[in-house]
Amino acid sequence: KRRRGGQRTRHRGTRRTPTGVNRVRRMFHSIDAWLWRRGIDHPAVRALLRNEILLTALALLGGGLLFAVTPWVFWFGVGLAVMAWTFWCLARFFLRRGLGDYSTAFLRIVIVRWLGRLAVVAAILYAALVHWAAPPLALLGGMATACACALLSYALAAHEQGKAGRQRR
């Protein structure tokens with residue numbers, strides 16, 4: 001159908017997706033593509049890391065804006081960032097290496113990398129708590145929220161994958 005002036009009209013009953021939803025989808029897709037280029041090729045892990053990155057960015061941005069009022073939100077974001085970095089490192093290592101090799105050399109590498117990561121996290125937390133007097137509950141809350149977000153994101157992504165697999169049959 002055409003209107004006067006040559007413009008096309010939409011058929012009745014078709015819904016147009018709101019532009020805000022399209023922007024969120026494009027943002028999710030661009031973050032997923034960025035993660036894919038960095039070797040995160042498992043869809044459930046990619047969704048987990050995407051949600052961690054978005055939650056961390058939101059908390060750090062909000063915390064930066066509200067820092068003069070309350071630094072709690074910023075330090076909550078720092079706790080989120082610490083755990084997001086930990087999940088990122090674990091995902092990159094295991095997705096690159098694979099889970100099929102359980103030799104003693106592989107386990108040594110896993111333990112050494114974990115201890116190195118733990119030392120970096122300890123140094124960040126020490127500096128935050130002692131030098132910058134961060135509220136401990138804000139850091140702990142951010143870390144706990146990141147773990148809950150990771151579990152929920154992974155569960156939802158795995159459920160969606162299972163549902164898509166059942167529909168193909």
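Only this structure's heavy atoms are used, side chains among them; waters, hydrogens and symmetry mates stay out.
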Exercise for the section: Flag yes if Leu129 and Val121 sit in one hydrophobic cluster, no otherwise; membership is Ile, Leu, Val, Met, Phe, Trp, Tyr, and two members link when side-chain heavy atoms are under 4.5 Å apart. Expected result: yes

Problem - Nearest-0.5 Å distance, CZ of residue Phe76 to CG of residue Leu60 - result: 10.5 Å

Practice task
Could you please spell out the steps behind the side-chain contact (heavy atoms from CB on, under 4.5 Å) verdict for Ser30 and Trp34?
Solution key: CA-CA 6 Å; Ser30 66; Trp34 183 81; over 6 Å; no

Handout entry: Pairing residues for Arg113 by the side-chain contact (heavy atoms from CB on, under 4.5 Å) criterion, not counting sequence neighbours
Key = Phe93, Arg96, Ile109, Arg117

Exercise for the section: Please check if Val82 and Phe67 belong to a single hydrophobic cluster, counting links between Ile, Leu, Val, Met, Phe, Trp and Tyr side chain heavy atoms closer than 4.5 Å. Expected result: yes

Practice task
Write down the atom of Ala59, the atom of Gly77, and the distance for their closest heavy-atom approach.
Solution key: CB-CA, 3.7 Å

Handout entry: From Leu35 atom CG to Trp88 atom CH2, the distance as rounded to the nearest 0.5 Å
Key = 5.5 Å

Handout entry: Test side-chain contact (heavy atoms from CB on, under 4.5 Å) applied to Phe94 and Val45, step by step
Key = CA-CA 11 Å; Phe94 283 111; Val45 176; over 6 Å; no

Handout entry: Distance (rounded to the nearest 0.5 Å) between Leu61 CG and Leu66 CG
Key = 9.5 Å

Which atom pairs, donor and acceptor, lie under 3.5 Å between side-chain atoms of residues 143-155 and protein residues at least two apart or in another chain?
{"from": "Thr145", "atom 1": "OG1", "to": "Gly141", "atom 2": "O", "distance (Å)": "2.7"}
{"from": "Ser153", "atom 1": "OG", "to": "Asn51", "atom 2": "ND2", "distance (Å)": "2.8"}
{"from": "Ser153", "atom 1": "OG", "to": "Cys149", "atom 2": "O", "distance (Å)": "2.8"}

Problem - Smallest separation among heavy atoms of Leu49 and Ala84, with atom names - result: CD2-O, 4.4 Å

Problem - Interatomic spacing from CH2 in Trp75 to CG in Leu137 - rounded to 0.5 Å - result: 14.5 Å

Exercise for the section: Mind checking the CG-CG spacing from Leu125 to Leu118? Nearest 0.5 Å is all I need. Expected result: 9.5 Å

Fill in the blank from the handout: Nearest heavy-atom contact between Ala134 and Leu139 is CB-CD1, 4.0 Å

Handout entry: Co-membership, hydrophobic cluster, residues Trp72 and Met83, 4.5 Å side-chain
Key = no

Problem - Inter-residue atom distance Arg92.CZ - Arg38.CZ, 0.5 Å rounding - result: 8.5 Å

Problem - Hydrophobic cluster membership, Leu55 vs Leu48, 4.5 Å side-chain cutoff - result: no

Exercise for the section: Using a cut-off of 6.0 Å, state whether more than 12 heavy atoms not belonging to Trp132 lie near its atom CH2. Expected result: no

Problem - Least distance between heavy atoms, Gly39 atom then Leu95 atom - result: O-CB, 4.1 Å

Handout entry: Hphob cluster co-occupancy, Ile40 + Phe28, side-chain heavy atoms under 4.5 angstrom
Key = yes

Handout entry: Counterpart residues, side-chain hydrogen bond (donor to acceptor under 3.5 Å, both in side chains), relative to Asp32 (two or more places apart)
Key = Arg50

